[in-house]
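Treat the numbers as computed from the prediction; the structure is a model and nothing was measured.
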Amino acid sequence: MPDREPPGWPWLRERLTRLRQATRPGAVPEPMPAAAARTAVVTDSAAALPAEWVRDFTADGRLAVVPMPVMVGDEIYGEGEDDIAETIAVALASGVPVRTSRPSPGQFEQAYLAAAARGFESIVSVHISAELSGTADSARLAAARVGIPVEVLDSRTVGMAQGMGVQSAVVAAADGRSAAEVRSFAQERLARTKVYFYVPSLEQLRRGGRIGAAASLWGTMFSIKPILAVDDGKVVPLEKVRSAARAIARLEEIAVADALSRPDGEARVAVHHFGNPAEAEQLAARLGRLLPGCPPAQISSLPAVLAAHAGLGVLAVIVGESSTPLSVIAGTAGSPGTLST
């Protein structure tokens with residue numbers, strides 16, 4: 001199923017269209033902040049951003065996604081550059097080693113220089129938790145090499161939780177906010193986003209160094225189906241359940257309770273899977289029935305760089321809050337620069 005577009009992205013798409021039109025010869029620009037087109041956003045492919053969304057917002061250079069390398073056996077693949085999901089699935093099923101690495105500083109340097117060449121004056125660079133990858137360090141090394149100011153932000157999370165922070169940054173940038181404000185808005189949203197997930201086996205996480213060998217052995221010996229979370233950038237155990245069916249049911253309960261604790265109308269959810277799209281569809285449908293006030297869950301395959309560690313059969317639910325200026329969408333804002341928080 002294609003990724004579902006949350007309400008509010010039409011607003012952002014329309015706003016960026018107006019920004020592009022305002023730069024055409026002879027165009028009469030509408031009143032909006034002078035900085036409206038001046039901050040770019042860079043991230044990495046661990047953000048799990050929907051492909052269509054990325055295409056829309058990379059067209060004018062406002063957003064760049066740096067691919068994270070995945071090594072299957074002796075072959076190196078780039079997320080987003082290669083169609084590697086099936087390759088990884090086969091490798092995981094057959095026991096072929098699958099490893100990941102951080103992008104090189106040179107890749108980030110190219111992205112930053114490209115933004116500068118398009119006329120952007122500053123960059124906010126949002127990345128996978130430093131507890132899980134050295135990607136933010138690569139970004140900082142690159143930032144020191146370029147003339148354009150770069151704010152590097154460790155998201156302290158991963159997947160669409162990181163992606164929601166990136167989307168918030170793009171919203172703020174399109175609304176004309178400064179780089180510091182873009183970073184602050186993204187950081188606030190990231191702090192209010194949670195990742196909960198279930199994996200059929202802890203073995204792949206152990207191989208990748210995300211959990212200890214003892215925890216993996218314990219889970220295997222006692223047929224435990226763990227529910228995990230990302231807390232302050234680290235993968236942590238949340239609950240231990242005896243069966244897969246109960247683990248998925250409990251994952252659903254935890255996500256629903258979290259979403260219902262959010263302010264009315266603000267909760268947003270996303271569902272990740274790898275190799276089990278039907279289960280993800282069913283989970284998303286149940287979440288929709290239990291959360292009638294929440295937009296439909298966005299469903300997407302886990303990025304290769306994360307699937308390499310989580311393994312086949314993973315189900316993840318991300319719970320966050322709206323990153324879209326709802327007052328603008330509703331037509332109640334006093335000016336184009338009004339941004340709801």
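Residues V96 and L306 fall within the same hydrophobic cluster, defined by Ile, Leu, Val, Met, Phe, Trp and Tyr side chains chained together at heavy-atom separations under 4.5 Å. Y198 and V236 end up in different hydrophobic clusters when Ile, Leu, Val, Met, Phe, Trp and Tyr side chains are linked at under 4.5 Å. One hydrophobic cluster, built from ILVMFWY side chains closer than 4.5 Å, holds both V66 and L113. Residues L287 and I254 share a hydrophobic cluster, clusters being chains of Ile/Leu/Val/Met/Phe/Trp/Tyr side chains in contact below 4.5 Å. Cluster annotation: V124 is not connected to L141 through the hydrophobic network of ILVMFWY side chains, with a link wherever side-chain heavy atoms come within less than 4.5 Å.
In plain terms, the two heavy atoms of M160 and P50 that are nearest each other are SD-CD, 4.2 Å. Listed here is the closest heavy atom pair of A40 and G61: CB-O, 3.9 Å. Between F108 and P103 the shortest heavy-atom distance is CE1-CB, 3.8 Å. Closest non-hydrogen pair, P295 versus A267, comes out as CD-O, 3.7 Å. Among all heavy-atom pairs drawn from A307 and L302, the shortest one is N-CD2, 3.6 Å. Between E151 and A179, the closest heavy-atom pair is CG-CB, 4.3 Å.
Rounding to the nearest 0.5 Å places CG of L312 at 12.0 Å from NE2 of H273. The CD atom of E253 lies 9.5 Å from the CG atom of L290; values are rounded to the nearest 0.5 Å. The structure places CZ of R99 at 5.0 Å from CE of M71, a figure rounded to the nearest 0.5 Å. Taking CG of L153 as the start and CG of L190 as the end, the distance is 6.0 Å to the nearest 0.5 Å. If you take CD on E109 and OG on S138, they are separated by 11.5 Å, rounding to the nearest 0.5 Å.
Looking at T43 and Q162, their side chains do bring a donor and an acceptor atom within 3.5 Å of each other. Checked by atom type, the side-chain pair S300/H272 shows a donor-acceptor distance below 3.5 Å. Side-chain contact, T157 with S129: no donor N or O sits under 3.5 Å from an acceptor N or O. Under the 3.5 Å distance criterion, with hydrogens and angles disregarded, no donor-acceptor pair is assigned to the side chains of S184 and Q187.
Counting heavy atoms from C-beta outward, R102 and D137 have side chains that approach closer than 4.5 Å. No side-chain heavy atom of E279 sits less than 4.5 Å from a side-chain heavy atom of L283. Between R140 and H127 there is no side-chain heavy-atom pair separated by less than 4.5 Å. At least one side-chain heavy atom of E239 sits less than 4.5 Å from a side-chain heavy atom of R250. In this structure, S45 and P303 have side chains that are not in contact, with every pair of non-hydrogen atoms separated by 4.5 Å or more. L63 is listed as a side-chain neighbour of W53, based on a closest heavy-atom distance under 4.5 Å. Within the 4.5 Å cutoff, side-chain heavy atoms of L228 are placed close to those of V199. Looking at V235 and F197, their side chains come closer than 4.5 Å, going by heavy atoms from C-beta outward.
Of the possible polar contacts, one joining the R183 side chain to the V152 backbone as a donor-acceptor pair under 3.5 Å is found. Panel note: side chain K225, backbone A247; no donor-acceptor pair is recorded below 3.5 Å. No donor-acceptor pair under 3.5 Å is formed between the side chain of R177 and the backbone N or O of T39. Put simply, the side chain of R192 never gets that close to the backbone of R262: no donor and acceptor are under 3.5 Å apart. Checked by atom type and distance alone, the side chain of Q107 pairs as donor or acceptor with a backbone atom of S104 at under 3.5 Å. Counting only distance, with no hydrogens or angles, the side chain of D44 and the backbone of M68 share no donor-acceptor pair below 3.5 Å. Looking only at distances, no side-chain donor or acceptor of S133 sits under 3.5 Å from a matching main-chain atom of A130. Using a distance-only test at 3.5 Å, with no hydrogens or angles considered, a donor-acceptor pair links the side chain of N276 to the main chain of F274.
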Residues D258, S261; criterion side-chain contact (heavy atoms from CB on, under 4.5 Å); working and verdict: CA-CA 5 Å; D258 187 340; S261 73; 3.7 Å; yes
Could you walk me through whether I318 and K194 pass the side-chain contact (heavy atoms from CB on, under 4.5 Å) check? CA-CA 6 Å; I318 289 82; K194 298 295 184 181; over 6 Å; no
Apply side-chain contact (heavy atoms from CB on, under 4.5 Å) to residues V41 and I123 and explain how you reach the verdict. CA-CA 6 Å; V41 178; I123 295 168; over 6 Å; no
side-chain contact (heavy atoms from CB on, under 4.5 Å) for R286 and E252? Distances and angles first, verdict last. CA-CA 8 Å; R286 292 194 299 272; E252 177 184 314; 2.4 Å; yes
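Ion pairing between a basic and an acidic side chain is recognised when a charged N comes within 4.0 Å of a carboxylate O; R268 and E321 show no such pairing. Salt-bridge formation is detected for the pair R156/D232: a Lys NZ or Arg NE/NH1/NH2 atom is positioned less than 4.0 Å from an Asp or Glu carboxylate oxygen.
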